[in-house]
> 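Quick one: the structure is below, and I'll ask about it shortly.
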Amino acid sequence: MSPSSSSSESKLPMKPIPGDYGIPFFGAIRDRLDYFYDQGKDEFFKTRIQKHNSTVIKTNMPPGPFIAKNPKVIAVLDAISFPILFDTSKVEKYNVLDGTFLPSLSYSGGYRVCAYLDPSETKHTALKSYFMSVLASKHNEFIPLFRTCLSQLFISIEDGIASQKKANFNNLGQVMSFNYIFRLFCGKDPSETAIGSKGPAIADKWLALQLGPLFTLGLPKFLKYVDDLLLHTFRLPFFLVKSDYYKLYDVFYASSGPILDKAESFGVTREEACHNLVFLACFSTYGGLKVWFPALIKWVGLAGEKLHRQLADEIRTVVKEEGGITIQAMDKMVLTKSVVYEAFRIEPPVPFQYAKAKEDIVVESHHAAYKIKKGEMIFGYQPFATKDPEVFDDAEEFVGHRFVGEGEKLLKYVYWSNGRETVDPTVEDKQCPGKDMVVLLSRLMLVELFLRYDTFTVETAVLPIGSSVTFTSLGKATSI
């Protein structure tokens with residue numbers, strides 16, 4: 001039985017869930033201001049954990065009034081309680097992708113796309129089966145196409161350093177990511193279509209209007225009430241991006257014929273399939289990679305030259321022994337695999353998870369058990385679960401070899417894909433269907449990086465979403 005069980009036979013002491021929601025309406029506003037401005041996300045949860053001596057607590061989550069009718073959640077903030085969010089026999093995933101509110105369905109062509117569906121819904125099975133079939137059909141293209149895109153990326157980074165002494169990875173990386181995804185699904189470069197080079201900008205605008213209520217503009221603190229009013233009080237209207245979205249949709253519809261042809265065999269119309277494909281490509285994949293790749297490069301860059309030397313030695317040795325870069329070759333790069341997992345652990349690209357209890361359930365933390373009532377919203381802040389000091393030694397530190405050897409046993413506590421790293425996605429769950437592809441691309445990025453360079457340095461900064469990473473030097477490979 002899993003630690004986060006719904007069994008009433010828990011051996012841990014049963015305790016009431018501590019915390020409070022405050023005065024209706026005003027309590028949610030208070031928590032929102034703390035979360036975004038007065039404390040910040042991490043401090044918001046740390047202070048409440050310390051106050052209540054519990055990693056399972058009651059709180060309000062943004063955006064609250066007037067966007068979300070009910071901001072009340074039960075927050076699970078440790079590695080043991082967090083996995084209840086994956087158990088779709090106990091929790092419901094109906095319209096909870098963005099938490100306590102649902103963006104207008106106009107952003108997805110009027111459809112509840114797969115990400116908003118609960119696995120119990122027939123359409124979820126059809127759409128996720130379709131996605132997994134599409135990804136399987138593209139399997140042989142993952143590596144060669146990504147290597148081509150990476151080659152151009154590194155040329156651009158080198159040119160930036162040569163001309164300006166630095167190169168912003170975020171800007172270059174997101175163009176590379178969008179081009180890769182579009183070429184993978186549509187079989188051509190976006191420059192050959194009506195969107196030209198504007199794909200990333202269109203996708204970014206579309207993402208920002210949907211997700212704006214969950215973030216800030218990063219304005220100076222004295223302007224927090226202006227920021228709060230603009231982003232967290234009223235929904236951002238779809239008409240601001242309507243024409244751009246349908247340009248994106250039309251290009252995908254015109255360019256992804258073979259993929260859309262597959263949809264009808266799964267009982268999905270071409271129109272619905274295309275809106276889902278745009279969401280999968282531009283929200284789930286591009287939106288995830290534009291946050292994830294800078295995080296990966298940041299942590300590897302900050303780890304320093306010793307780790308760089310170890311990675312370069314492993315990668316070059318295995319590539320030479322295997323006669324090239326293949327999935328089998330990368331499976332033998334144990335340190336490289338560990339470094340990727342460690343980056344996923346310390347800075348997961350999607351930090352939030354939500355679900356609603358289908359029934360009364362008992363959730364366990366390390367030290368107590370708590371009853372969550374049917375219908376209550378459960379919220380998980382993943383960085384606290386994957387940096388749980390009772391599971392991971394030096395939990396706040398990036399340890400490149402953490403998952404080597406016996407450390408592999410800890411992979412079950414890496415949750416970035418909306419599931420355990422040791423579990424594969426199925427149509428019955430909400431785990432990312434592209435989980436294995438993203439892990440593969442992450443390893444491949446490090447392989448290509450350390451085949452070209454011995455070491456590199458970066459400057460980093462915190463963004464409203466993710467991290468900013470700028471390359472400041474690249475040390476060309478001295479041996480292959």
Side-chain angles (χ1 to χ4, degrees), residues 39-50 55 76-83 169-170 291-315 333-353 365-367 380-417 420-422 438-439 442-443 445-446 449-450 454-463 465-473:
Q39 294 177 323
K41 290 189 289 290
D42 284 11
E43 193 62 25
F44 178 88
F45 295 116
K46 282 180 183 175
T47 56
R48 284 154 178 77
I49 289 171
Q50 291 167 357
T55 51
V76 289
L77 303 171
D78 62 76
I80 303 303
S81 60
F82 191 89
F169 177 76
N170 295 61
V291 174
W292 164 241
F293 283 150
L296 175 63
I297 295 299
K298 177 184 84 171
W299 288 106
V300 175
L302 295 177
E305 193 169 347
K306 180 180 178 181
L307 179 64
H308 298 174
R309 186 168 60 249
Q310 293 170 342
L311 286 167
D313 288 346
E314 176 183 79
I315 289 165
M333 300 175 185
V334 293
L335 177 60
T336 304
K337 291 196 293 184
S338 176
V339 165
V340 168
Y341 290 138
E342 177 68 347
F344 274 125
R345 180 196 72 84
I346 202 165
E347 192 172 338
V350 180
F352 318 110
Q353 293 292 341
S365 67
H366 291 284
H367 307 294
Y381 185 50
Q382 190 176 155
F384 275 36
T386 55
K387 291 188 286 187
D388 186 334
E390 297 200 43
V391 171
F392 296 103
D393 294 334
D394 301 315
E396 298 289 335
E397 302 296 321
F398 181 86
V399 181
H401 61 270
R402 187 182 298 277
F403 298 103
V404 173
E406 286 294 305
E408 283 190 81
K409 294 177 181 178
L410 293 172
L411 282 175
K412 65 182 179 180
Y413 298 111
V414 177
Y415 302 140
W416 73 271
S417 64
R420 295 184 186 272
E421 189 57 38
T422 50
V438 174
V439 171
S442 303
R443 294 174 184 172
M445 178 171 279
L446 296 187
L449 179 63
F450 286 106
D454 285 341
T455 190
F456 64 97
T457 57
V458 294
E459 294 175 348
T460 68
V462 177
L463 296 175
I465 306 175
S467 301
S468 171
V469 178
T470 300
F471 279 88
T472 53
S473 71

> Got more than 12 heavy atoms from elsewhere within 6.0 Å of CD, Glu390?
yes
> Passes side-chain contact (heavy atoms from CB on, under 4.5 Å), Lys298 versus Val458? Steps please.
CA-CA 7 Å; Lys298 177 184 84 171; Val458 294; 5.5 Å; no
> If you compare all heavy atoms of Leu410 against all heavy atoms of Val391, which two are closest, and at what distance to 0.1 Å?
CD2-O, 4.0 Å
> Is there a side-chain contact between Phe344 and Thr386, using heavy atoms and a 4.5 Å cut-off?
no
> Kindly determine whether Leu307 and Leu335 satisfy side-chain contact (heavy atoms from CB on, under 4.5 Å), including the steps that lead there.
CA-CA 9 Å; Leu307 179 64; Leu335 177 60; 4.1 Å; yes
> Looking only at atom types and distance, does a side-chain atom of Arg402 sit under 3.5 Å from a main-chain N or O of Asp393, one as donor and one as acceptor?
yes
> Supply the atom-to-atom distance Asp454 CG to Leu311 CG, rounded to the nearest 0.5 angstrom.
12.0 Å
> Quick one: pull up OG1 in Thr422 and CD in Glu408 and give me the separation to the nearest 0.5 Å.
11.0 Å
> Can you name the closest pair of heavy atoms from Leu411 and Phe403 and give their distance?
CD2-CD2, 3.6 Å
> Taking it one step at a time, do Trp416 and Tyr341 satisfy ring-ring contact (aromatic ring centres under 6.0 Å, His included)?
CA-CA 9 Å; Trp416 73 271; Tyr341 290 138; 9.1 Å; no
> What pairs with Phe44 under ring-ring contact (aromatic ring centres under 6.0 Å, His included), at least two apart in sequence or on another chain?
Tyr35
> Please name the pair of heavy atoms, one in Asp78 and one in Ser365, separated by the smallest distance, quoted to 0.1 Å.
OD2-CB, 3.4 Å
> Please determine which of Arg443, Gln310, Glu314 meets the side-chain hydrogen bond (donor to acceptor under 3.5 Å, both in side chains) test together with Thr336.
Glu314
> Given 3.5 Å as the limit, does a donor-acceptor pair link the side chain of Arg309 with the main chain of Thr455, or not?
no
> Is there a side-chain contact between Glu342 and Phe398, using heavy atoms and a 4.5 Å cut-off?
yes
> Which class fits the ring pair Tyr413 and Tyr415: parallel under 30°, tilted 30 to 60°, perpendicular over 60°?
perpendicular
> Please find the pair of heavy atoms, one from Asp394 and one from Arg345, that lie closest to each other, and give the distance.
O-NH2, 4.4 Å
> Starting from the C-alpha separation in whole Å, work towards a yes-or-no answer on side-chain contact (heavy atoms from CB on, under 4.5 Å) for Phe82 and Phe384.
CA-CA 9 Å; Phe82 191 89; Phe384 275 36; over 6 Å; no
> What heavy-atom pair brings Pro294 and Ser467 nearest, and what distance separates the two atoms?
CB-O, 3.7 Å
> Can a donor-acceptor pair be found, under 3.5 Å and without considering hydrogens, that links the side chain of Ser338 to the backbone of Gly400?
yes
> For Phe450 versus His308, what's the shortest heavy-atom pair and its separation?
CE2-CB, 3.6 Å
> How many angstroms lie between atom CG of Leu296 and atom CD1 of Ile346, to the nearest 0.5 angstrom?
12.5 Å
> Supply the atom-to-atom distance Glu347 CD to Lys387 NZ, rounded to the nearest 0.5 angstrom.
8.0 Å
> Let me confirm one number: the CD-OG distance from Glu459 to Ser473, rounded to the nearest 0.5 Å.
10.0 Å
> Is there a side-chain contact between Val469 and Phe293 in this structure, where contact means two heavy atoms from C-beta onward sitting under 4.5 Å apart?
no
> So Asp388 and Thr55, side-chain contact (heavy atoms from CB on, under 4.5 Å) or not? Walk me through it.
CA-CA 10 Å; Asp388 186 334; Thr55 51; over 6 Å; no
> Ile297 versus Leu449: any side-chain heavy-atom pair under 4.5 Å?
yes
> Measuring from Trp299:CH2 to Thr460:OG1, what's the distance to the nearest 0.5 Å?
8.0 Å
> Within a reach of under 6.0 Å around NE2 of His401, are more than 12 heavy atoms found that belong to other residues, nucleotides or ligands?
no
